[in-house]
Amino acid sequence: MRRPAADRPAQPKEAGKRMRITHLWKSSLGSLFDRRAETGKPMLFRLGRPLDIDPAARTILDIEAIAQCVRDTAGALHAAGVGPGDRFAVYKDNHFDCLLLAAAGIRIGAVPVMLSGLLPHDSVRPLLQRVEPKLLVSTQRLLTGKGSDGKPLTSFAERTLYLGGSGGSGGDDGSDGSTPDAMAFAELYGSTDPAPVPRGDDELMMLTHTSGTTGVPKLIMYTPATLQGRMARLECRHLPPVTIRRNDTVAMFTPYVHARAFTWIYSVLTLSPAKVLLMSDSDPEVVGPLFRRHRPTVIEGLPIDFSHMEELAADPRQGAFSSVRMFIGNFDAVHWSTIRTFLNASRHRFPVWREGYGQSETGGMGMTFITRPTANKPRDQYAGPRKVGRPMPGFVQLKVVDPGTFRPVPNGRPGLVLARTKARCVGYYREPERWNEKAVGEWWNTGDIGIKTRTGSLKLLDREVNYTPGVSRIEQEDVIVDHLPARHDVALLPVPDGPPIPIVATPDGQLDREHWRKAIRGLPELAEPIVIDFKDMPRTGTGKIIREELRRRYLDGVENPGTGRWT
């Protein structure tokens with residue numbers, strides 16, 4: 001409901017003109033927050049915990065405060081010796097300030113290299129060696145971690161700034177406040193902000209990494225043309241009811257080092273919801289009280305975030321999700337049982353679950369919606385694999401081809417999914433051979449096996465590396481989990497000489513065999529399950545199960561059925 005005029009903040013005379021700044025996707029990420037602050041429209045951000053770079057330890061910031069934080073951070077990076085064209089690495093615990101550090105670096109013409117704080121030390125080291133950063137920004141806790149080479153992380157950059165101790169409000173590990181060969185970020189925070197140095201449309205602007213499910217992640221190269229001009233531009237369209245509204249309270253759970261966070265912030269600043277809840281983790285003890293005070297109407301998260309919050313959603317006394325009209329799942333498919341729990345937790349008349357299909361290299365490629373009546377049917381009532389939607393008209397084309405010949409296959413037959421999109425990125429940093437393996441002219445090899453329907457929808461069967469003809473492990477896992485109690489997860493590992501081996505993760509490492517027999521009834525033959533504790537399921541920073549690690553641990557490295565060429 002529109003507030004009475006007396007309740008709305010007074011606007012300067014020229015505010016009407018400034019409010020018509022709608023094309024924020026044209027703005028550099030480094031000046032985006034300044035540009036948004038110029039519109040004069042108030043906007044509040046509430047944080048699950050203070051930013052690690054904010055010495056004031058605030059949990060509520062308006063848009064001007066965030067813009068000033070970016071300027072102060074740009075001053076700190078400049079004072080640390082970072083200049084136009086220099087690469088600097090951000091490796092820290094997940095929070096919104098990962099994005100602000102990137103924006104600050106881009107503001108002064110530098111190239112941020114965004115690394116998740118959940119990456120193993122032996123993955124971070126080769127990435128730092130690859131980019132040779134001028135500066136590393138990290139936390140005391142991560143800087144003291146040891147890799148197999150025994151070298152300190154500070155040896156991989158010319159200079160290092162640490163957060164924690166006397167620097168920032170978060171990341172303090174209880175040490176004495178000093179980190180060898182590193183300077184406290186707080187000592188430089190607020191240094192003079194130099195004049196902005198915009199990057200050219202086709203210049204390298206940022207590097208982020210892939211999930212790393214099959215080893216050391218790749219570093220994806222983004223330019224302003226791809227990130228702003230295509231991915232963010234598409235995200236900023238106002239398409240009710242599937243996009244953000246002015247009266248929404250939006251809650252976001254995401255790895256803030258990922259490109260998804262960058263396109264999302266463009267859309268949030270353009271579409272201007274009433275309130276934004278910036279979540280750094282999905283601990284129910286944090287989420288519950290915050291969501292009861294500030295009822296979200298739109299929530300976006302990863303499968304692992306929704307899994308962590310499922311018990312909270314299932315408790316009708318909590319009401320933390322009662323006002324949600326739209327849940328958004330990204331990065332990977334969310335189990336049917338989890339979708340059902342959250343849609344049933346909403347008291348909105350017609351809540352929907354919006355699921356996106358995309359990859360880091362391409363941005364969004366498709367979208368589908370699940371309603372409450374649909375979700376309340378058992379998963380095995382839907383024949384065939386999950387739909388991931390239709391390609392976005394005028395922006396994305398999808399085709400399914402034979403993996404051997406790359407010739408198109410008829411609708412209804414499985415094949416390798418190729419995508420042609422205006423948002424495709426420009427390469428893998430210093431790994432052109434890996435990029436060329438997946439780039440097929442203007443088409444991008446997703447590495448997914450799927451089926452295209454007569455109506456143009458895409459159904460996913462598996463990753464090519466895990467695919468066995470005639471079977472969809474993704475579908476089978478979804479059906480099994482739908483018939484198991486909450487907080488159970490399953491990974492089916494195909495083997496060459498027998499039925500697939502289920503790895504079953506449970507809250508206590510124990511599995512009720514009667515529950516298991518009921519869950520797999522009617523499915524193709526499976527081997528005896530290997531049962532592990534839920535917390536021992538190996539996952540990437542975005543929550544994806546690392547199946548190669550499961551093979552190493554429990555199958556003695558038995559090979560996958562697919563080639564794995566396009567992972």
Side-chain angles (χ1 to χ4, degrees), residues 226 230-231 233-243 260 263 267 326-334 336 339 350 352-375 377 379-425 438-464 467 469-476 478-479 566:
T226 54
R230 296 187 179 94
M231 290 185 185
R233 180 179 184 179
L234 183 67
E235 183 90 7
C236 291
R237 293 178 179 176
H238 181 60
L239 299 171
V242 301
T243 55
R260 169 66 197 134
T263 57
S267 71
M326 182 167 60
F327 298 93
I328 304 172
N330 270 317
F331 289 89
D332 213 359
V334 178
W336 200 255
I339 294 173
F350 192 72
V352 296
W353 184 282
R354 192 185 96 189
E355 195 156 280
Y357 172 57
Q359 294 187 349
S360 303
E361 297 91 339
T362 62
M365 295 186 290
M367 188 183 301
T368 191
F369 295 88
I370 301 170
T371 64
R372 185 156 49 199
T374 300
K377 295 179 181 179
R379 177 66 185 92
D380 51 9
Q381 287 189 9
Y382 294 91
R386 287 260 291 268
K387 287 183 180 179
V388 295
R390 292 176 175 80
M392 301 171 187
F395 194 81
V396 178
Q397 290 177 273
L398 297 176
K399 68 178 179 180
V400 178
V401 303
D402 182 280
T405 65
F406 277 67
R407 292 175 181 168
V409 300
N411 290 339
R413 282 183 51 186
L416 197 60
V417 179
L418 303 187
R420 183 160 63 186
T421 168
K422 297 177 180 179
R424 192 177 80 174
C425 296
K438 298 184 71 173
V440 186
E442 295 182 343
W443 292 86
W444 176 252
N445 188 336
T446 66
D448 290 326
I449 298 292
I451 294 172
K452 198 170 182 181
T453 70
R454 287 180 300 172
T455 61
S457 289
L458 181 69
K459 294 183 176 183
L460 280 190
L461 295 170
D462 265 311
R463 294 290 288 167
E464 185 275 339
Y467 179 61
V471 180
S472 170
R473 304 297 171 207
I474 294 175
E475 179 189 2
Q476 288 187 344
D478 207 14
V479 170
W566 305 295

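This structure is a prediction, so every number in the text was calculated from the model and none was measured.
- Atoms CD1 and OG, from I451 and S457 in turn, are 12.0 Å apart once rounded to the nearest 0.5 Å.
- F350 CZ: 12 or fewer foreign heavy atoms inside a 6.0 Å radius.
- K399 NZ to L416 CG: the interatomic distance, rounded to the nearest 0.5 Å, is 10.5 Å.
- With values rounded to the nearest 0.5 angstrom, D448 atom CG is found 10.0 Å from E464 atom CD.
- Between the side chain of R390 and the main chain of G456, no donor-acceptor pair closer than 3.5 Å is present.
- Of all the heavy atoms in T371 and V352, the pair that sits closest is CG2-CG1, 4.5 Å.
- Atom NZ of K422 has 12 or fewer heavy atoms from other residues, nucleotides or ligands within 6.0 Å.
- The backbone N or O of Q397 lies less than 3.5 Å from no partner atom in the side chain of W443, so there is not a single donor-acceptor pair.
- Considering all non-hydrogen atoms of both residues, I449 and P403 come closest at CD1-CG, 4.4 Å.
- The minimum heavy-atom distance linking A375 with I339 is given by the pair CB-CG2, 4.2 Å.
- Under the 3.5 Å distance criterion, the side-chain polar atoms of K452 are left unmatched by any main-chain donor or acceptor of V409.
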Next item on the list: Go through the steps for V417 and Y357 under the test side chain to side chain contact (heavy atoms under 4.5 Å, CB included), then give the verdict.
Entry: CA-CA 12 Å; V417 179; Y357 172 57; 4.1 Å; yes

Note to self: Please determine whether side chain to side chain contact (heavy atoms under 4.5 Å, CB included) holds for the pair L461 and K459, giving the CA-CA distance in whole Å, both sets of side-chain angles, and the decisive distance to 0.1 Å.
What the structure shows: CA-CA 7 Å; L461 295 170; K459 294 183 176 183; over 6 Å; no

Check: Does the side chain to side chain contact (heavy atoms under 4.5 Å, CB included) test come out yes or no for V479 and W336, once each step is laid out?
Finding: CA-CA 8 Å; V479 170; W336 200 255; over 6 Å; no

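- Taking the centre and axis of the six-membered ring of W444, the NZ or CZ atom of R424 falls outside the cone set by 45° and 6.0 Å.
- Nearest heavy atoms, M231 versus T362: CE-C, 3.8 Å.
- In this structure, the side chain of R354 does not engage the main chain of M326 through any donor-acceptor pair within 3.5 Å.
- The shortest distance between side-chain heavy atoms of R473 and V471 falls below 4.5 Å.
- In this structure the side chain of F327 never reaches within 4.5 angstrom of the side chain of V334, judged on heavy atoms.
- Salt-bridge check for K387 with E355: failed, with every basic side-chain N at 4.0 Å or more from each acidic carboxylate O.
- Scanning all heavy atoms of the two residues, the minimum distance from L239 to T243 falls at N-OG1, 2.9 Å.
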Next item on the list: Test side chain to side chain contact (heavy atoms under 4.5 Å, CB included) on F369 and T374 and set out the steps.
Entry: CA-CA 10 Å; F369 295 88; T374 300; over 6 Å; no

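- Note: E475 CD to L460 CG = 12.0 Å, rounded to the nearest 0.5 Å.
- Judged purely by atom type and a 3.5 angstrom limit, Q359 uses its side chain to pair as donor or acceptor with the backbone of T446.
- Closest approach of L398 to A419, counting heavy atoms only: CD2-CB, 3.5 Å.
- The closest side-chain donor-acceptor pair between S472 and R386, if any, does not fall under 3.5 angstrom.
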